[in-house]
A.B. asks: 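Before I ask anything, let me first share the structure, which is written out below as structure tokens.
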Amino acid sequence: MRESINQGQTRLAKALVMLAAAIFALAVGCQGITYESRLMKKQAAGGARHQITAAEVKTYIDELLGLLPGTIEQAADRIIAEAVDAPIKRHALLWKINGIPTALRAMFHLDPGVAIIDTWAFGMQMNDYFDRGPGSRDFGQWRYIALDASRRIEASVAGMIADGLPEGRIIQIQEQLHTWVLDHPIEPDFTHRDTTVLELASIIGDQAMGTLQTIGSLAIGIEDLTEQLTTTINFMTKQARWQAELIMIDMSSDVQAGLATAKALADSMNRVAPTVENLPDWLTRERVALSAALLQERNTVLAAIDAQRKATLDFLMQERMATIDDLRSERLAITAMLQSERKAILQAIDAQRTDTLNELAAVSRGILQNASQRGEALLDHLAVRSLQLLAVLLVAICILMVWLRRGSGNRRHKAD
């Protein structure tokens with residue numbers, strides 16, 4: 001019941017938001033708004049021939065605003081009046097509460113072509129809902145009332161569209177929409193419904209969309225907004241009344257369920273009363289039997305626990321011995337591997353040492369040989385230089401002696 005109250009409050013809040021938006025539109029739209037449909041623009045440049053005028057589309061939508069919600073309301077009221085079961089009444093009431101706003105959303109679309117096609121798809125979805133969907137089960141024998149209303153709505157919309165289309169074309173579009181409807185059923189109690197707005201071109205094709213175009217521009221002025229606002233306010237008041245009826249039905253169901261539970265409890269107490277009188281003796285016997293059974297179960301459980309304990313200890317001991325053996329084997333293997341690695345490392349080090357000493361000896365021999373060769377060359381060079389110096393010295397001495405002798409002779413010659 002609390003969920004129904006919350007849902008009712010949510011729906012009333014949404015209705016108030018719609019009312020506020022409509023009032024705002026009236027406040028700012030006094031001059032009128034000129035809107036050109038997407039379907040009008042799509043093939044206007046190609047010179048497509050149109051058979052449905054803007055005035056005709058607006059007339060169709062106005063007729064649907066009076067036909068579709070009223071048909072749903074009358075059919076639901078008839079089911080509520082004739083049905084006896086509260087669940088069926090509740091489903092019929094939810095059909096009005098959720099179905100009519102869904103229909104209005106389809107008809108209030110700004111694009112008239114999209115609005116009339118989406119309304120047609122909604123009629124097909126509603127027909128499928130009562131024919132083979134959740135409505136065929138929820139409404140019982142009164143589903144034929146809802147099914148008849150859905151078929152009349154679908155036939156009315158199809159007749160309006162057929163006024164501007166060839167017979168073969170309307171059948172083709174109807175088949176394409178029916179295929180889409182089978183893949184997009186309405187959720188139980190009309191809580192959600194998929195629309196054709198985003199998929200319309202892929203559903204019926206661009207050619208069909210061009211055929212359904214309107215001519216010129218559709219003026220959405222103060223009269224249209226006023227009409228939509230009037231329709232919304234009218235159904236807001238009805239929605240409030242229907243929400244109250246839904247709450248009453250839920251409360252009645254809860255009270256009836258409580259009375260049935262109390263009656264069942266009284267019957268059970270009447271059946272139990274004779275047994276309660278013999279309860280002390282029965283409790284004594286049951287207590288003795290229960291004590292014996294518990295003692296036996298206790299001994300059995302303790303024996304099983306002891307056996308499990310011994311088995312666990314034996315298993316742990318075996319695992320411990322196996323682990324110790326594995327560790328011993330691993331230790332010996334690791335020791336042997338380390339010893340072999342140590343010997344290999346020592347051998348490698350000794351080989352490296354020997355190679356290093358041999359290389360050092362070779363380098364030393366080369367250095368000594370090179371030094372010896374350079375020393376011999378230096379000694380040879382020193383001997384040559386000494387001989388050259390000695391030769392120069394001898395030549396100088398000879399020159400000096402000649403010069404001295406020549407000087408002595410000159411002095412004697414002068415003396416004579």
Side-chain angles (χ1 to χ4, degrees), residues 35-40 42-43 48-75 99-131 146-181 184 186 193-197 199-201 203-220 223-224 227-228 230-231 235:
Y35 169 74
E36 188 173 2
S37 166
R38 287 188 296 111
L39 297 181
M40 299 173 197
K42 191 170 181 60
Q43 294 184 1
R49 298 182 64 86
H50 309 286
Q51 297 177 340
I52 304 178
T53 65
E56 289 174 338
V57 173
K58 186 178 184 304
T59 302
Y60 294 157
I61 294 176
D62 291 341
E63 292 180 4
L64 289 175
L65 283 174
L67 171 67
L68 200 153
T71 302
I72 294 176
E73 182 179 1
Q74 291 174 4
I100 292 177
T102 302
L104 293 178
R105 280 194 294 271
M107 290 183 288
F108 285 165
H109 197 279
L110 291 179
D111 193 320
V114 173
I116 197 166
I117 292 296
D118 194 41
T119 304
W120 191 13
F122 172 68
M124 292 183 182
Q125 287 175 305
M126 191 161 55
N127 189 7
D128 181 72
Y129 180 85
F130 293 112
D131 185 23
L147 188 60
D148 179 67
S150 301
R151 289 173 178 172
R152 283 190 284 115
I153 291 173
E154 180 185 350
S156 299
V157 182
M160 293 176 183
I161 297 176
D163 289 343
L165 294 177
E167 183 178 355
R169 201 74 191 100
I170 188 66
I171 294 176
Q172 181 181 1
I173 295 175
Q174 188 174 16
E175 292 176 351
Q176 292 168 338
L177 281 177
H178 184 68
T179 302
W180 179 87
V181 166
H184 299 80
I186 296 177
R193 175 242 169 189
D194 293 330
T195 66
T196 61
V197 174
E199 306 177 48
L200 188 57
I203 295 172
I204 66 174
D206 291 338
Q207 184 178 0
M209 289 181 67
T211 306
L212 292 172
Q213 292 183 94
T214 56
I215 300 175
S217 62
L218 180 64
I220 302 177
E223 295 83 3
D224 301 309
E227 184 178 358
Q228 293 183 8
T230 303
T231 304
F235 280 99

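Numbers here are sequence positions counted from 1.
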A.B. asks: Would you say that M107 contacts P69 through its side chain, given a criterion of any heavy-atom pair below 4.5 Å between the two side chains?
C.D. replies: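 A side-chain contact under 4.5 Å exists here.
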A.B. asks: Which value, rounded to the nearest 0.5 Å, describes the distance between I116 atom CD1 and L64 atom CG?
C.D. replies: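 The distance works out to 6.0 Å.
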A.B. asks: Take V181 and N127 through the side-chain contact (heavy atoms from CB on, under 4.5 Å) test and state the conclusion after the steps.
C.D. replies: CA-CA 10 Å; V181 166; N127 189 7; over 6 Å; no
A.B. asks: So, taking the atom named CD in Q172 and the one named CG in L177, what distance separates them when rounded to the nearest 0.5 Å?
C.D. replies: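 Between Q172 CD and L177 CG, I get 11.0 Å after rounding to 0.5 Å.
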A.B. asks: Hey, does the side chain of H178 reach the backbone of Q174 with a donor-acceptor pair shorter than 3.5 angstrom?
C.D. replies: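 Such a contact is absent between H178 side chain and Q174 backbone.
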A.B. asks: Roughly how far, to the nearest 0.5 Å, is the CD1 atom of I186 from the CZ atom of F122?
C.D. replies: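 Going from the CZ atom of F122 to the CD1 atom of I186 covers 5.0 Å.
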A.B. asks: For the pair Q125 (side chain) and D194 (backbone), establish whether a donor and an acceptor sit closer than 3.5 Å, ignoring hydrogens and angles.
C.D. replies: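 A pair under 3.5 Å: yes.
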A.B. asks: To the nearest 0.5 Å, how far apart are CG in L67 and OG1 in T119?
C.D. replies: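 Answer for the CG-OG1 pair, L67 versus T119, is 11.0 Å.
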A.B. asks: When rounded to the nearest 0.5 angstrom, what distance separates NE2 in H184 from OG1 in T179?
C.D. replies: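 Going from the NE2 atom of H184 to the OG1 atom of T179 covers 11.5 Å.
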A.B. asks: List the steps, then state whether side-chain contact (heavy atoms from CB on, under 4.5 Å) holds for F130 with M126.
C.D. replies: CA-CA 6 Å; F130 293 112; M126 191 161 55; 3.5 Å; yes
A.B. asks: Do I173 and W120 come within less than 4.5 Å of each other through their side chains, counting heavy atoms only?
C.D. replies: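 A side-chain contact under 4.5 Å exists here.
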A.B. asks: Does the side chain of T195 pick up a donor-acceptor pair with the side chain of D118 at under 3.5 Å?
C.D. replies: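 Distance-only check fails for T195 and D118.
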A.B. asks: Check whether any side-chain heavy atom of R105 lies under 4.5 Å from a side-chain heavy atom of T102, and answer yes or no.
C.D. replies: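 Yes, close enough: below the 4.5 Å cut-off.
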A.B. asks: Roughly how far, to the nearest 0.5 Å, is the CD1 atom of I153 from the CD1 atom of I72?
C.D. replies: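 Here the rounded value is 4.5 Å.
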